[in-house]
Amino acid sequence: MDFPIRITPLLRPLLFPLRASGERAAVHVGGGHVEVEFGVLFHGSFALEQIEHVSRSTWPWWSGLGLRIGARGRVGLIGSLEGVVCIHFNRPQRVRAPLPWRCRELYLSLHDPDGFIATVEAAAHMAAA
């Protein structure tokens with residue numbers, strides 16, 4: 001199942017040259033993995049068993065929009081301050097952002113945050129069974 005990353009209209013022209021729009025700015029859940037793509041800026045594929053939990057979250061406006069890399073393994077793919085979720089990993093994950101990076105928490109702004117959370121939880125439950 002695919003979940004598009006929410007991007008505000010004002011940010012779209014800035015991200016378009018980096019191909020962070022449409023199908024290239026989305027999260028795919030399936031086959032025991034969560035795969036995240038944000039144009040040429042970010043790509044990560046995570047096994048469901050590496051995800052500790054997923055929850056609704058917030059992203060402060062002063063932290064900025066777009067690809068954000070922070071201290072202690074915090075990475076944000078934030079196209080909007082609405083619909084933010086956080087994927088908490090049970091150990092740091094290797095991502096390409098655009099260089100290799102270790103990610104402990106991945107923040108995403110999604111059009112359907114509740115649907116994403118429910119899908120990941122259901123897929124993780126099925127994978128554990």
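Numbers here simply count residues along the sequence, with the first being 1. If you're wondering where the values come from, they're calculated on a predicted model, not measured in any experiment.
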Q: Measuring only between side-chain heavy atoms, which start at C-beta, is Val34 closer than 4.5 Å to Leu48?
A: yes
Q: Check the pair Gln93 / Gln50 against side chain to side chain contact (heavy atoms under 4.5 Å, CB included), numbers first and verdict last.
A: CA-CA 8 Å; Gln93 301 294 303; Gln50 300 301 319; 3.3 Å; yes
Q: For the atom pair CZ (Phe42) and CD1 (Ile69), what is the distance rounded to the nearest 0.5 Å?
A: 8.5 Å
Q: Using side-chain heavy atoms (C-beta onward) and a distance below 4.5 Å, is His43 in contact with Glu35?
A: yes
Q: Under a 4.0 Å threshold between the charged nitrogen and the carboxylate oxygen, would Asp114 count as salt-bridged to Arg56?
A: yes
Q: Taking all non-hydrogen atoms of both residues into account, name the closest pair between Arg102 and Pro92 and its distance.
A: NH1-O, 4.0 Å
Q: Decide whether Leu10 and Trp59 are clustered together by the hydrophobic rule: side chain heavy atoms of Ile, Leu, Val, Met, Phe, Trp, Tyr closer than 4.5 Å, transitively.
A: no
Q: Are a donor atom and an acceptor atom from the side chains of His53 and Glu121 found within less than 3.5 Å of each other?
A: no
Q: Test Val27 against every option in Leu108, Ile87, Asp2 by the side-chain contact (heavy atoms from CB on, under 4.5 Å) rule and name the one that passes.
A: Leu108
Q: Starting at CZ of Arg6, measure out to CD1 of Ile78 and round the result to the nearest 0.5 Å.
A: 11.5 Å
Q: Whether the side chain of Arg68 engages the backbone of Ser63 through a donor-acceptor N/O pair (distance < 3.5 Å, no angle test) should be reported.
A: yes
Q: Distance from Glu52 atom CD to Arg104 atom CZ, nearest 0.5 Å?
A: 6.5 Å
Q: Can Ser57 and Val85 be said to form a side chain to side chain contact (heavy atoms under 4.5 Å, CB included), step by step?
A: CA-CA 5 Å; Ser57 191; Val85 299; 5.9 Å; no
Q: About how many Å separate OG of Ser109 and CD1 of Ile5, when rounded to the nearest 0.5 Å?
A: 6.5 Å
Q: Say you draw a straight line from SG of Cys103 to CZ of Arg91; how long is it, rounded to the nearest 0.5 Å?
A: 13.5 Å
Q: Quick check with a 6.0 Å cut-off and a 45 degree axis cone: is Arg74 positioned over the face of Tyr107's six-membered ring?
A: yes
Q: Any idea which heavy atoms bring Arg96 and Val40 closest together, and the distance?
A: NH1-O, 3.2 Å
Q: Testing the basics here: between Ala25 and Phe38, what is the closest heavy-atom pair and its distance to 0.1 Å?
A: CB-CD1, 4.1 Å
Q: Show the nearest heavy-atom pair for residues Thr119 and Met1, with the distance to one decimal.
A: OG1-SD, 3.7 Å
Q: CG/Leu81 to OG1/Thr58 distance, rounded to the nearest 0.5 angstrom?
A: 9.5 Å
